[in-house]
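For reference, the structure discussed in these notes is given below.
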Amino acid sequence: MVSAGLEILGLSMCVIGSFLVMVSCGLPMWKVTAFIEANIVVAQTMWDGLWMSCVVQSTGLIQCKMHNSVLALTHDLQAARALTVISSVMGVLGLMVVIVGAQCTNCIRSEYVKARVVNAGGATFIISGVFVLVPLCWMANSIISDFYNPQVPASKKREIGAALYIGWAASALLLIGGSLLCCSCPSSGNSGYSVKYAPTKRATPNGDYDKRNYV
């Protein structure tokens, strides 16, 4: 019963984490305009994402433009694109694997095999969390380095956007949920029943059974 509860909890966390990874991948708010020095009062805000750049006017009007060339992007954006997409795909794959081996399904009869399948799904979710964590930390390090770099003009300085915080939350859910799935299944030694048989009653030398056997 405890194992089933951990399995449901871990799967729920991984599903939410995978959904947040997709949300973070699609949001354009990876880098946002830093309001410092001469940029304290501006009429527009810049958003830079993996797939597009947006300009938000003070009137509320939003204009977005897709990135025309992948090769023209910086290395951190290129890596973030690839790794977040791979993480999303692995999240869907991990979900399918866990459902096949879940205790509430009958796709697999053997309890030992089902346990190993769920463990494989949990490992897939953990790898998915690591894949999305790498570009997030890389992007955050690049933003912070440029922010404190005196050679970068104030108009080009950026701050960490909401998409990175969502991605970090998704990564934490995937890592924790995947770990729960890896340890939620019962071990193979608990399967089956242990039967103890009484020793065989032996006859006495004269051919009769010992009377103590009938007490």
Side-chain angles (χ1 to χ4, degrees), residues 12-96 124-178:
S12 301
M13 296 178 67
C14 290
V15 170
I16 297 174
S18 298
F19 175 74
L20 292 180
V21 169
M22 298 177 186
V23 172
S24 177
C25 180
L27 285 178
M29 292 175 290
W30 282 63
K31 300 178 182 180
V32 297
T33 303
F35 296 100
I36 55 176
E37 298 179 2
N39 293 332
I40 296 179
V41 180
V42 293
Q44 61 185 17
T45 303
M46 299 291 298
W47 292 349
D48 294 326
L50 301 181
W51 311 98
M52 65 183 72
S53 296
C54 298
V55 178
V56 182
Q57 305 291 341
S58 58
T59 58
L61 180 64
I62 301 177
Q63 296 178 336
C64 297
K65 179 182 179 182
M66 300 292 295
H67 296 309
N68 296 326
S69 175
V70 177
L71 299 178
L73 299 176
T74 57
H75 296 295
D76 54 353
L77 283 177
Q78 293 181 15
R81 271 191 176 189
L83 292 177
T84 51
V85 170
I86 293 174
S87 176
S88 301
V89 173
M90 294 192 67
V92 176
L93 179 62
L95 175 61
M96 297 173 61
T124 304
F125 280 121
I126 292 176
I127 297 174
S128 175
V130 173
F131 273 13
V132 74
L133 183 62
V134 171
L136 292 172
C137 296
W138 188 357
M139 185 74 69
N141 179 70
S142 177
I143 294 172
I144 295 173
S145 298
D146 292 341
F147 187 86
Y148 291 107
N149 189 356
Q151 298 181 354
V152 178
S155 59
K156 295 185 178 298
K157 293 181 183 293
R158 296 290 185 266
E159 290 184 353
I160 297 175
L164 269 70
Y165 294 104
I166 296 175
W168 279 322
S171 178
L173 289 174
L174 288 171
L175 293 176
I176 297 174

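If you read the sequence from its start, that first residue is 1, and numbering goes on from there.
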In terms of heavy-atom contacts, L174 and S87 come closest through CD1-OG, 4.5 Å
Closest non-hydrogen atoms of G178 and C14, given as atom of the first, atom of the second and distance, are N-SG, 3.3 Å
Which of I126, I127, V132 passes side chain to side chain contact (heavy atoms under 4.5 Å, CB included) with L175? It is I126
Between the OG atom in S128 and the CG atom in L173, the distance rounded to the nearest 0.5 Å is 11.5 Å
_Is the shortest side-chain heavy-atom distance between R158 and D146 below 4.5 Å?_
no
In this structure, CD1 of I160 is separated from NZ of K31 (nearest 0.5 Å) by 11.0 Å
Practice task
For residues S24 and W168, determine if any side-chain heavy atom of one lies less than 4.5 Å from a side-chain heavy atom of the other.
Solution key: no
Please evaluate residues W30 and D48 with respect to the criterion side chain to side chain contact (heavy atoms under 4.5 Å, CB included), reporting the C-alpha separation (whole Å), side-chain torsions for both, the decisive distance (0.1 Å), and the verdict. CA-CA 6 Å; W30 282 63; D48 294 326; 5.9 Å; no
Nearest heavy-atom approach of A170 to G17 is CB-O, 3.3 Å
| Donor-acceptor contact below 3.5 Å, side chain K65 vs main chain V55 | no
### Task
Give the C-alpha distance, both sets of side-chain angles, the deciding distance and a yes or no for side chain to side chain contact (heavy atoms under 4.5 Å, CB included) between Y148 and I144.
CA-CA 6 Å; Y148 291 107; I144 295 173; 3.8 Å; yes
Check whether any side-chain heavy atom of L50 lies under 4.5 Å from a side-chain heavy atom of C25, and answer yes or no. yes
Taking every heavy atom of M90 against every heavy atom of T124, the minimum-distance pair comes out as O-CG2, 3.4 Å
Derivation and outcome, side chain to side chain contact (heavy atoms under 4.5 Å, CB included), residues L77 and M139
CA-CA 8 Å; L77 283 177; M139 185 74 69; 3.4 Å; yes
Quiz item: Tell me, do I62 and Q57 make a side-chain contact under 4.5 Å, heavy atoms counted?
Solution: no
Taken to the nearest 0.5 Å, the spacing of M13 CE from F125 CZ works out to 11.5 Å
Distance col, row L73:CG vs N68:CG, nearest 0.5 angstrom, shows 9.5 Å
Side chain T33, main chain T45, donor-acceptor under 3.5 Å:
no
Between G129 and S171 the two heavy atoms that sit nearest each other are O-OG, 3.1 Å
Looking at M96, I'd like to know if its CE atom is crowded, meaning that more than 12 non-hydrogen atoms belonging to other residues, nucleotides or ligands lie closer than 6.0 Å. no
Interatomic distance, CG@L27 vs CG@L20, rounded to 0.5 Å, equals 10.0 Å
- Message: Show, in sequence, the C-alpha distance, side-chain angles and deciding distance for V152 and F147, and conclude whether the side chain to side chain contact (heavy atoms under 4.5 Å, CB included) test is met.
- Response: CA-CA 8 Å; V152 178; F147 187 86; over 6 Å; no
Closest non-hydrogen atoms of M66 and M52, given as atom of the first, atom of the second and distance, are SD-CE, 3.6 Å
